[in-house]
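The sequence lines fix the lettering, A, B, ..., with proteins before strands; numbering per chain opens at 1. These figures come from a predicted structure and were not determined experimentally.
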Amino acid sequence: MRWSKALIPTLKETPADAVAPSHVLLLRAGMIRQLGAGAYTYLPLGFRVLHKAVAIIREEMDRAGALELLMPALQPVELWKESGRYDDYGDLLMRLMVSKSHPMALGPTHEEVVTEMARGLVRSYKQLPLTVYQIQTKFRDEPRPRFGVVRTREFLMKDAYSLGTNVQQLNVSYDAMFEAYCRIFDRCGVPYVVVEAESGPIGGDSSHEFMVPCSTGEDKVIQCSSCGYAANQERAEIGEPVAATLVVESNPAACQSVPTPGKRTIREVCEFLGVPESESAKLLVYMADGKPIAALLRGDHELNEAKLRRVAGAVAIAPADPAEVEKATGVPIGFLGPIGIKIPLYIDRAVASLSRLVVGGNALDVHTVNVIPGRDFPVPAVYDLRNAQEGDPCPRCGKALAIKAGLEIGHVFKLGTKYSRAMGARYLDEAGREVEIVMGCYGIGVNRIIAGAVEASHDKAGIVWPLALAPYQVVIAPLQVKNDAVMERTAAIEHALEAAGVDVLTDDRDQRPGVKFNDIDLIGIPLRVVIGERGLKDGVIELKWRDQAAAETISAEGAAEAILSRLATAMSRRAGECADRQRARNAAKSS
RNA sequence: CGGGGCGUAGCGCAGCCUGGUUAGCGCGCCUGCCUUGGGAGCAGGAGGUCACCAGUUCGAAUCUGGUCGCCCCGACCA
């Protein structure tokens, strides 16, 4: 491709609206352009990158035995009502009227459609297991799209669904998809960590997320550097604290009510009383399936709603509003405490290990000090209720956990029979009995692979694409486009590379070298070939890798062959790294 | 949905507080000259319903009210 014939609208300045590095650079490199909030055009260069990712995904899904198909984005809302997600999914579901009065939805995901298909097509255990996938546009009415291509209302997703007769088949399918995902992201050259994840409203038993570590990530990843434990903060467990020597005073003071007029928040109360927040406890009231429950946490800790939901055995929980709190406890919000509380109380482990704390006094403008858990209120049991923090003990090995931001690019779930039960998708087993299909679902955000690659790999000058995703593998920059010798040499190398199947971009613009170099760095093409009068006089041209500082001079004669061999070396090195990682995974699995 | 910010040429911005000729600047774009190994220089030029609607006024980019759009933080989120 000749640059002069291409559409590559690079930007010198950063558009005011862009903040995240991937957003800024994809915009500046002329890869995307915004149409509206959460809606982006992929310009030719960006579309090529998307295609490269799609091609890799397709190869690996096919290799894993998944069958590609294409389901409609336009879906009857009846299906969503049948599965129960019409309500659960809420406003995120993009609804519209067809033929003026017929309500439909644009698919945010396709469990319903797959299950509908399965109940029509799958009759016998002999047809199972089966995994299908598609690469298709999804729609979600995101309340807040952000960071360019990271969270949009319309995005490209690879979604796969496994159908099996039982949990064993599900586990085999799940493992195959898990492995395919590792291969996909390895091949794309995007760094990632696999974390245990909360399965969320999609339901199901088990789930892993694939995260690109980067500051733009919207999730928090908890990781143990010692044993390799990694989990989404939503899910991360906290290990038993190292048995701290509890300072038990020989003659502890009795608890005592103190006035705290107008002090409602932990910060206000602790500041007012001159007590560290870590020696206070807060009582949070939640509505669990419509009934009030309470959680007691250390003042400086954060409640993990998923943990509380599990402990309480509830389907759904939500913070109680002030009116519900007062109705359930008789106490105005801000002064709640565990002493004498009437609703079911779940106590976080960290609270029980405190020897003295400040709690709400269960009356307006009152708190209670010198409270000792177990003495002043019962502690029948303790739970892990809070979000893991930096430095908390690892649940596996007890070493300190670290926390960092991660961008979710892939997610695998074991759904079980959630959808097949709700929608009646059954097969006949060997004994002729009707049995619900056991399902799994597996998603990759294709756009997020692009965003994640840029987040993980860029410098001051611009994007540094991994070879596998780059819109073009090689860029040729003839420096004097009016010099016949330069242009003949350029064309010769260009044609030789293209004939060998290499994606080549030739910057034939009549621009000064500085302009070309800066644009080339910005769009991030891995290998740059510079052909100039000066070098040609000595019979040489220059090669430079985008991710390396130094350039290399090679003979102009046989340059194409030299470039091809360097590309081949780079690709086989990458393939070797992927193979090494796969071996490491296999070794870890068998051990 | 709560909080904050912004909307003036393709991009980045000034002007607005204190209303007053033809609304400016830089980059980019077009033409010519010149230059050519890291975003050159000179000259000429094109490009704007000042987001939209209503109001105040002799007069509105500027003041008032409303609407819409976009960004950020939070809530939310397979």
Side-chain angles (χ1 to χ4, degrees), chain A residues 9-20 23-24 27-28 30 33-39 83 85 88-93 107-112 114 138-148 150-153 155 157-161 197-204 207-210 216 218-219 232 234 305-306 318-319 408-415 418-419 439-445 448 460-462 477-483 486 507 509-522 528 530-537 540-542 544 551 553:
Chain A
T10 57
L11 260 24
K12 257 191 195 178
E13 285 175 291
T14 301
D17 281 347
V19 174
H23 189 194
V24 170
L27 232 32
R28 284 194 54 212
R33 204 103 312 177
Q34 183 178 40
L35 181 62
S83 71
R85 284 209 297 178
D88 294 352
Y89 225 88
D91 293 336
L92 213 53
L93 186 65
T109 171
H110 283 238
E111 284 77 11
E112 280 80 0
V114 164
K138 295 286 184 279
F139 297 87
R140 292 184 190 177
D141 195 353
E142 291 288 350
R144 190 182 157 202
R146 58 188 135 175
F147 305 145
V150 165
R151 179 168 292 277
T152 52
R153 295 205 169 113
F155 58 97
M157 182 188 222
K158 188 290 300 174
D159 47 329
Y161 305 87
E198 197 51 51
S199 45
I202 203 160
S207 165
H208 288 89
E209 286 168 335
F210 294 75
T216 298
E218 299 177 292
D219 290 278
N232 194 312
E234 294 171 346
E305 293 189 5
E408 180 188 351
I409 54 173
H411 202 160
V412 291
F413 293 86
K414 292 180 184 174
L415 290 175
K418 177 181 159 86
Y419 294 92
M439 297 173 57
C441 74
Y442 317 92
I444 290 179
R448 282 191 176 177
K460 275 202 193 87
L479 296 184
Q480 296 81 23
V481 297
K482 287 172 181 147
N483 177 302
V486 168
D507 189 355
R509 295 174 301 170
D510 188 7
Q511 290 285 358
R512 297 166 63 84
V515 173
K516 295 189 178 203
F517 291 151
N518 279 299
D519 269 348
I520 287 169
D521 285 348
L522 178 60
R528 185 183 78 185
V530 176
I531 302 173
E533 279 174 343
R534 214 172 67 186
L536 240 36
K537 260 183 216 149
V540 297
I541 63 170
E542 181 200 280
K544 182 182 169 299
T553 301

Length of the line joining K482(A):NZ and G37(B):P, which is rounded to integer Å: 14 Å
Same-atom distance (P) from C77(B) to G69(B), integer angstrom: 24 Å
Atom pair distance, as rounded to whole Å: CG in D219(A) and P in G74(B): 13 Å
5' priority, RNA chain B, between E209(A) and K516(A) [closest heavy atom]: K516(A)
Sugar-phosphate, base or nothing in reach of G90(A), heavy atoms under 4.0 Å: nothing
Summary of protein contacts for nucleotides 23-32 of chain B, nucleotide by nucleotide, where a base hit scores B, a sugar-phosphate-only hit scores S (4.0 Å, heavy atoms): ---BSS----
Sugar-phosphate, base or nothing in reach of R153(A), heavy atoms under 4.0 Å: nothing
R153(A) (side chain) donor-acceptor with D141(A) (main chain) under 3.5 angstrom: no
Pair assignment for U57(B), Watson-Crick or G-U wobble, requiring both distances under 3.5 Å: none
Check: R33(A) side chain, L27(A) main-chain N or O, donor-acceptor pair, under 3.5 Å: yes
Any donor-acceptor pair under 3.5 Å from K537(A) side chain to G532(A) backbone: no
Which atom of T152(A) lies closest to which atom of G38(A), heavy atoms considered: CB-O, 3.3 Å
Salt bridge E542(A)-R534(A), side-chain N to carboxylate O under 4.0 Å: no
Watson-Crick or G-U wobble mate for C6(B), both contacts under 3.5 Å: G69(B)
G32(B) and C13(B), which share atom name C1', separated by this distance in whole Å: 30 Å
Pairwise C1' distance for U57(B) and G19(B), with rounding to whole Å: 9 Å
Separation of C76(B) C1' from N232(A) CG (nearest whole Å): 15 Å
Rounded distance in Å between the P positions of G24(B) and C6(B): 25 Å
Lys/Arg N to Asp/Glu carboxylate O, K418(A) vs E111(A), below 4.0 Å: no
C1' atoms of G20(B) and G15(B), separation to the nearest Å: 14 Å
Whole-angstrom distance between C29(B) and G10(B), as gauged at atom C1': 8 Å
Distance-minimising heavy-atom pair for L479(A) and V486(A): N-CG1, 4.2 Å
Sugar-phosphate only, base, or nothing, as touched by P108(A) at under 4.0 Å among non-hydrogen atoms: base
Contact state string [nucleotides 40-45 of chain B, B base, S sugar-phosphate only, - no protein heavy atom under 4.0 Å]: B-----
Distance, rounded to the nearest Å, where R146(A) contributes CZ and C76(B) contributes P: 11 Å
Integer-rounded Å distance: G69(B) P and L35(A) CG: 13 Å
Sugar-phosphate only, base, or nothing, as touched by D159(A) at under 4.0 Å among non-hydrogen atoms: nothing
Minimum heavy-atom distance E218(A)-F147(A), with the two atoms named: CG-CE1, 4.3 Å
Donor-acceptor pair present, R528(A) side chain and G38(B) base, under 3.5 Å: yes
R151(A) side-chain N/O to P145(A) backbone N/O, donor-acceptor pair under 3.5 Å: no
Geometric cation-pi criterion, R85(A) with Y419(A): 6.0 Å, 45°: no
Watson-Crick or G-U wobble partner of G41(B), both distances under 3.5 Å: C33(B)
Nearest listed nucleotide, side chain of V19(A), among C71(B), C76(B), G37(B): C71(B)
For atom CG of L522(A) and atom P of G38(B), their distance in whole Å: 18 Å
Short side-chain N/O contact from Q34(A) to OP1 or OP2 of G69(B), under 4.0 Å: no
Q34(A) (side chain) donor-acceptor with G36(A) (main chain) under 3.5 angstrom: yes
Pairwise C1' distance for A75(B) and G4(B), with rounding to whole Å: 15 Å
Sugar-phosphate, base or nothing in reach of D91(A), heavy atoms under 4.0 Å: nothing
Value in whole Å for how far the C1' atom of C77(B) lies from NZ of K138(A): 17 Å
Identified pairing partner of C16(B), criterion: Watson-Crick or G-U wobble below 3.5 Å: none
Backbone of R509(A) reached by a side-chain donor or acceptor of K516(A) within 3.5 Å: yes
Check against side-chain contact (heavy atoms from CB on, under 4.5 Å), E408(A) and N232(A): CA-CA 10 Å; E408(A) 180 188 351; N232(A) 194 312; 6.0 Å; no
Nearest-Å distance once atom C1' is located in both U49(B) and G2(B): 35 Å
Residue A37(A), side-chain atoms from C-beta onward, closest of G38(B), G37(B), C71(B): C71(B)
Whether Q480(A) side chain and E533(A) backbone form a donor-acceptor pair below 3.5 Å: yes
Closest listed nucleotide, where the reference is the side chain of A16(A) and the choices are G12(B), G39(B), C72(B): G12(B)
Exercise: identify the closest heavy-atom pair between D510(A) and K482(A): OD2-NZ, 2.7 Å
RNA chain B: 5'-proximal contact among P145(A) and Y442(A) (nearest heavy atom): P145(A)
Candidates C72(B), U36(B), G37(B) - which lies nearest the side chain of F517(A): G37(B)
Whole angstrom value for the distance that separates C1' of G38(B) from CD of E542(A): 11 Å
Pairing partner of G47(B) (Watson-Crick or G-U wobble, both distances under 3.5 Å): none
Minimum side-chain heavy-atom gap R528(A)-D521(A) below 4.5 Å: yes
Give each protein N/O atom lying under 3.5 Å from an N/O atom of nucleotides 5-7 of chain B, with the pair distance.
none

Under 4.0 angstrom between R144(A) side-chain N/O and C73(B) OP1 or OP2: yes
Residue P143(A), side-chain atoms from C-beta onward, closest of U36(B), C72(B), A75(B): A75(B)
Presence of donor-acceptor pair under 3.5 Å, side chain of R151(A) and base of C77(B): yes
Nucleotide of C11(B), A75(B), C77(B) approaching L92(A) most closely (side-chain heavy atoms): C77(B)
